[in-house]
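Only heavy atoms go into these numbers, but all of them, side chains included; no hydrogens, no water, no symmetry mates. Residue numbers start from 1 in every chain, and the chains themselves are labelled A, B, ... in the order their sequence lines are given, proteins ahead of strands. Please read these numbers as outputs of a predicted model, since none were measured by experiment.
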Protein chains: 2
Amino acid sequence: MGDGARHIPEATVSRLPVYLRSLAELLDDNVPTVSSERLAEMAGVNAAKVRKDLSYLGSYGTRGVGYEVEYLAFQMSRELGLTRDWPVAIMGAGNLGQALANYGGFTDRGFPVACLIDADESKVGTRIHGIPVYAPADLPGLVQELGISIGIIATPATVAQAVADHVVASGIKSILNFAPTVINVPEGTFLRKVDLALELQVLSFYQEHRTPDRV
Amino acid sequence: MGDGARHIPEATVSRLPVYLRSLAELLDDNVPTVSSERLAEMAGVNAAKVRKDLSYLGSYGTRGVGYEVEYLAFQMSRELGLTRDWPVAIMGAGNLGQALANYGGFTDRGFPVACLIDADESKVGTRIHGIPVYAPADLPGLVQELGISIGIIATPATVAQAVADHVVASGIKSILNFAPTVINVPEGTFLRKVDLALELQVLSFYQEHRTPDRV
DNA sequence: GGTGCTTTGTGAACGTGTGCACGAGCGGGG
DNA sequence: CCCCGCTCGTGCACACGTTCACAAAGCACC
Ligand SMILES: NC(=O)c1ccc[n+]([C@@H]2O[C@H](COP(=O)([O-])OP(=O)(O)OC[C@H]3O[C@@H](n4cnc5c(N)ncnc54)[C@H](O)[C@@H]3O)[C@@H](O)[C@H]2O)c1
Ligand SMILES: NC(=O)c1ccc[n+]([C@@H]2O[C@H](COP(=O)([O-])OP(=O)(O)OC[C@H]3O[C@@H](n4cnc5c(N)ncnc54)[C@H](O)[C@@H]3O)[C@@H](O)[C@H]2O)c1
């Protein structure tokens, strides 16, 4: 039965995890249904946007009532591909890589840290917070064995492109880059970045250009 | 002298730091001028976008030649408010807060970590990587003394809103939130978020919905 | 079974961002 | 001094995203 040939806009995709988190809260509180208005408030957006976003998933609401929390959460998880685990490999077992490895929030949400990869021979073979550290050359085998599907780049910026190339060559199709540099990946590989210095600079821009206090 | 009543689009503001980083690289290599095409390649965008973005800063290019690297970098730094330091306070000296405190990339770019703030009494009074840890009650005084202008929230999500409220009440106008929850701030306070689980979920969405390999 | 209240789903208008295409203007060479 | 090639700056058309506003549709109560 045609699932509907809908194409979900990128902006909507980025909001789905926020809605899902709100739904999880409601589930915890045993709230059975939720209106777009309430969900909008929890997600920090407006109600029309919530309704339009949810409509891309299908018509899962009931007019006059709202959305059934559990059912909507399930449909959304399915859409986001969260009905299975996505093991991740963290590239670079330094300051950041170790902090990420120590973070429970990933495993909880279906993104178990399968391994750390580091070029530093003295780190290879050790375990960090229980997670084994391997050499870069081991990556292709690990991808096969452990079904690793996401690579997190936490190496110095200077080697980030080379590391990304290696990650792609090892068969990984999704990359999250923390190194403050632009990296290029071939078509068919998904890339997102987290750039802290950029965020701070954007903040300093707006603070510098503060709208003069209006009445 | 009207500086020009230009209003820079948000999307452009987010790209300026990327251009600036590219310009810094060129400066290192003693490259005197750069074309929009080359800059576009380095920043991973297209040339028309670069030219349009830069035009919001003013007419700093020379037709037939390109942009003078040093001059453009200066103008961009000025626009981003990077001609002065913006001391930051990190809220929460846990796993993430400590990793951030240990990261040199902030100070290098004009965002020195002035202090860590933690509610845990046993941490207060210690130093982490040379950065002193204070109690939440000390924050307003520190904001005054050290000129802290940005607060980074690295506390558990459950207390993030309360911490944000405290940060705002202490006189800080810009917040970068790492806690995976929506927080609200009053008008006039700038808020940006870094949400790792969201990024991973977006990646899993696209990997799940991979466009069937086209010829 | 009808009436009225509530809330969804979506067309349409608006605003923002992107990318092409080309005229304007500069530098260099003859 | 003029001409030619190069690259910027920008008007314009298009795509994408947001918001409004309202008809459609369900529920509850009588
Ligand atoms: N630490 C932070 O809080 C923070 C914040 C924002 C961004 N970043 C960025 O994250 C990256 C890592 O930062 P960090 O502080 O962890 O640095 P780090 O120097 O502590 O760690 C880098 C690690 O990468 C390893 N490495 C080097 N080359 C490698 C290769 N080719 N393959 C695999 N591993 C390799 C090194 O051995 C080292 O263990 C940097 O690009 C940094 O700019 C860090
Ligand atoms: N660790 C990571 O790699 C990582 C990655 C992504 C997101 N996060 C998010 O960042 C936040 C911090 O993560 P973490 O791993 O550092 O947690 P953590 O538990 O290690 O640290 C939290 C710290 O905040 C302190 N704290 C608690 N209440 C406080 C208050 N009211 N005021 C000031 N400090 C307070 C605690 O004492 C503790 O030191 C969490 O919201 C987490 O979801 C962490």
Checklist entry - Roughly how many Å is it from CG in B:Asp53 to P in D:dT7, rounded to a whole number? => result 19 Å
Next on the checklist: Assess the residue pair B:Gln201 and A:Leu82 against the criterion (side-chain contact (heavy atoms from CB on, under 4.5 Å)); give the C-alpha distance rounded to whole Å, side-chain angles, the decisive distance to 0.1 Å, and a yes or no.
Outcome noted: CA-CA 8 Å; B:Gln201 290 178 9; A:Leu82 303 180; 3.9 Å; yes
Checklist entry - Expressed in angstrom and rounded to an integer, what is the separation of B:Leu54 atom CG from D:dG9 atom P? => result 8 Å
Checklist entry - side-chain contact (heavy atoms from CB on, under 4.5 Å) with B:Val18: which residues, sequence neighbours excluded? => result A:Val182, A:Leu198, B:Ala43
Checklist entry - Partners of A:Tyr103 by ring pair (Phe, Tyr, Trp, His ring centres under 6.0 Å), sequence neighbours excluded? => result A:Phe106
Checklist outcome for this item: Residue pairs passing the side chain to side chain donor-acceptor pair (under 3.5 Å) test with at least one member in residues 12-24 of chain A, sequence neighbours excluded, are A:Thr12-A:Asp53, A:Arg15-A:Asp53, A:Tyr19-A:Asp53, A:Arg21-B:Asp195
Item to check | Partner set under side-chain contact (heavy atoms from CB on, under 4.5 Å) for B:Thr189, not counting sequence neighbours | outcome: B:Val168, B:Ile175, B:Val185, B:Pro186
Item to check | Which residues share a ring pair (Phe, Tyr, Trp, His ring centres under 6.0 Å) with B:Tyr56, sequence neighbours left out | outcome: none
Item to check | side-chain contact (heavy atoms from CB on, under 4.5 Å) against B:Glu79, all qualifying residues, sequence neighbours excluded | outcome: A:Phe205, A:His209, B:Arg6, B:Ile8, B:Leu57
Checklist outcome for this item: B:Ala24 meets the side-chain contact (heavy atoms from CB on, under 4.5 Å) criterion, sequence neighbours left out, with none
Checklist entry - Which residue pairs satisfy the side chain to side chain donor-acceptor pair (under 3.5 Å) criterion with at least one member in residues 157-182 of chain B, sequence neighbours excluded? => result A:Gln207-B:Ser174, B:Gln161-B:Asp165
For nucleotides 22-30 of chain D, tabulate all protein N/O to nucleotide N/O atom pairs closer than 3.5 Å, reporting atom names and distance.
residue, atom, partner, partner atom, Å
D:dA24, N3, A:Arg63, NH1, 2.8

Checklist entry - Can you list the residues that meet the ring pair (Phe, Tyr, Trp, His ring centres under 6.0 Å) rule with A:Phe74, with sequence neighbours excluded? => result none
Item to check | Opening and closing nucleotides of DNA chain C in contact with chain A, under 4.0 Å to non-hydrogen atoms | outcome: C:dT6 to C:dA12
Next on the checklist: Regarding D:dT19, can its base be found pairing with the side chain of A:Lys52 as donor and acceptor, where the two atoms are less than 3.5 Å apart?
Outcome noted: yes
Checklist entry - Contacts to DNA chain D from residues 31-49 of chain A, heavy-atom cutoff under 4.0 Å, which residues? => result A:Asn46, A:Ala48, A:Lys49
